[in-house]
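What's counted below: heavy atoms across the whole structure, side chains too, no hydrogens, waters or symmetry copies.
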Amino acid sequence: MAAVTTTYTAVCEREGDWWVVTVPELASGGVTQARTLDEVPATVADLVALMTDADPSSVEVNMKVHAGPGLDPSKLALIAIGLVGIGVAIARRVIRSLTPVP
């Protein structure tokens, strides 16, 4: 039986030395960053796994690359929201790991 994979879109926009990566399928702030485009698939797989409890090996990434102008305030807001979402996901995992299962 073949492993089930789910495809996520990685919208990559160049911002200085980094690529800001938005994953639209992650409603609660799917934003991360990578130094190179080669790092994007693994970075997105880790983000999806963190936010959805999916197995990173089940994540397939479809990259859309844009070499946009500069960082604007709306992108800063997206990055901030994404970081909050990641923080919440990490806190949820920690709490879940510390809570005894009946």
Side-chain angles (χ1 to χ4, degrees):
M1 182 199 282
V4 176
T5 61
T6 304
T7 302
Y8 290 85
T9 305
V11 180
C12 308
E13 297 185 60
R14 189 70 177 176
E15 301 297 341
D17 292 338
W18 292 87
W19 288 94
V20 175
V21 183
T22 306
V23 183
E25 293 87 355
L26 296 176
S28 61
V31 179
T32 188
Q33 62 184 6
R35 279 231 184 251
T36 67
L37 290 175
D38 291 339
E39 295 174 0
V40 170
T43 302
V44 169
D46 289 344
L47 177 67
V48 170
L50 181 66
M51 297 186 77
T52 67
D53 291 330
D55 179 356
S57 66
S58 72
V59 175
E60 193 170 292
V61 179
N62 177 22
M63 291 174 40
K64 295 187 177 187
V65 180
H66 305 282
L71 194 60
D72 64 32
S74 65
K75 288 181 187 175
L76 285 174
L78 275 176
I79 292 169
I81 290 168
L83 293 174
V84 168
I86 291 170
V88 168
I90 291 170
R92 186 178 65 213
R93 279 205 170 183
V94 168
I95 291 168
R96 196 177 297 156
S97 71
L98 297 174
T99 305
V101 178

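Qualifying salt bridge (Lys or Arg N to Asp or Glu O under 4.0 Å) partners for Asp55, counting only residues two or more places apart in sequence or in other chains: none.
Using a 4.5 Å heavy-atom cutoff, the side chains of Trp19 and Arg35 are not in contact. In this structure, the side chains of Thr5 and Val59 stay at 4.5 Å or more apart for every pair of heavy atoms. Contact check for Val23 versus Val31: no side-chain heavy atoms found under the 4.5 Å cut-off. Residues Val11 and Val21 have side chains not in contact (no heavy-atom distance under 4.5 Å, counting atoms from C-beta outward). Contact check for Leu47 versus Tyr8: no side-chain heavy atoms found under the 4.5 Å cut-off.
Remark: side-chain polar atoms of Glu25 are paired, donor with acceptor, to backbone N or O of Thr9 under 3.5 angstrom.
Shown are Thr36, Leu37, Asp38; of these, the side-chain contact (heavy atoms from CB on, under 4.5 Å) with Val40 is made only by Leu37.
Taken to the nearest 0.5 Å, the CD atom of Gln33 stands 11.0 Å off from the CG atom of Asp17. Atom NE2 of His66 and atom CZ of Arg14 lie 15.0 Å apart (nearest 0.5 Å).
Sequence neighbours left out, the pairs with a member in residues 42-54 that pass side-chain hydrogen bond (donor to acceptor under 3.5 Å, both in side chains) are Asp53-Arg93, Asp53-Arg96.
In the model, Glu60 has no side-chain atom that pairs as donor or acceptor with a side-chain atom of Thr6 under 3.5 Å.
Of all the heavy atoms in Pro56 and Ala45, the pair that sits closest is O-CB, 3.8 Å. Minimum heavy-atom separation, Cys12 to Met63: SG-CE, 4.4 Å.
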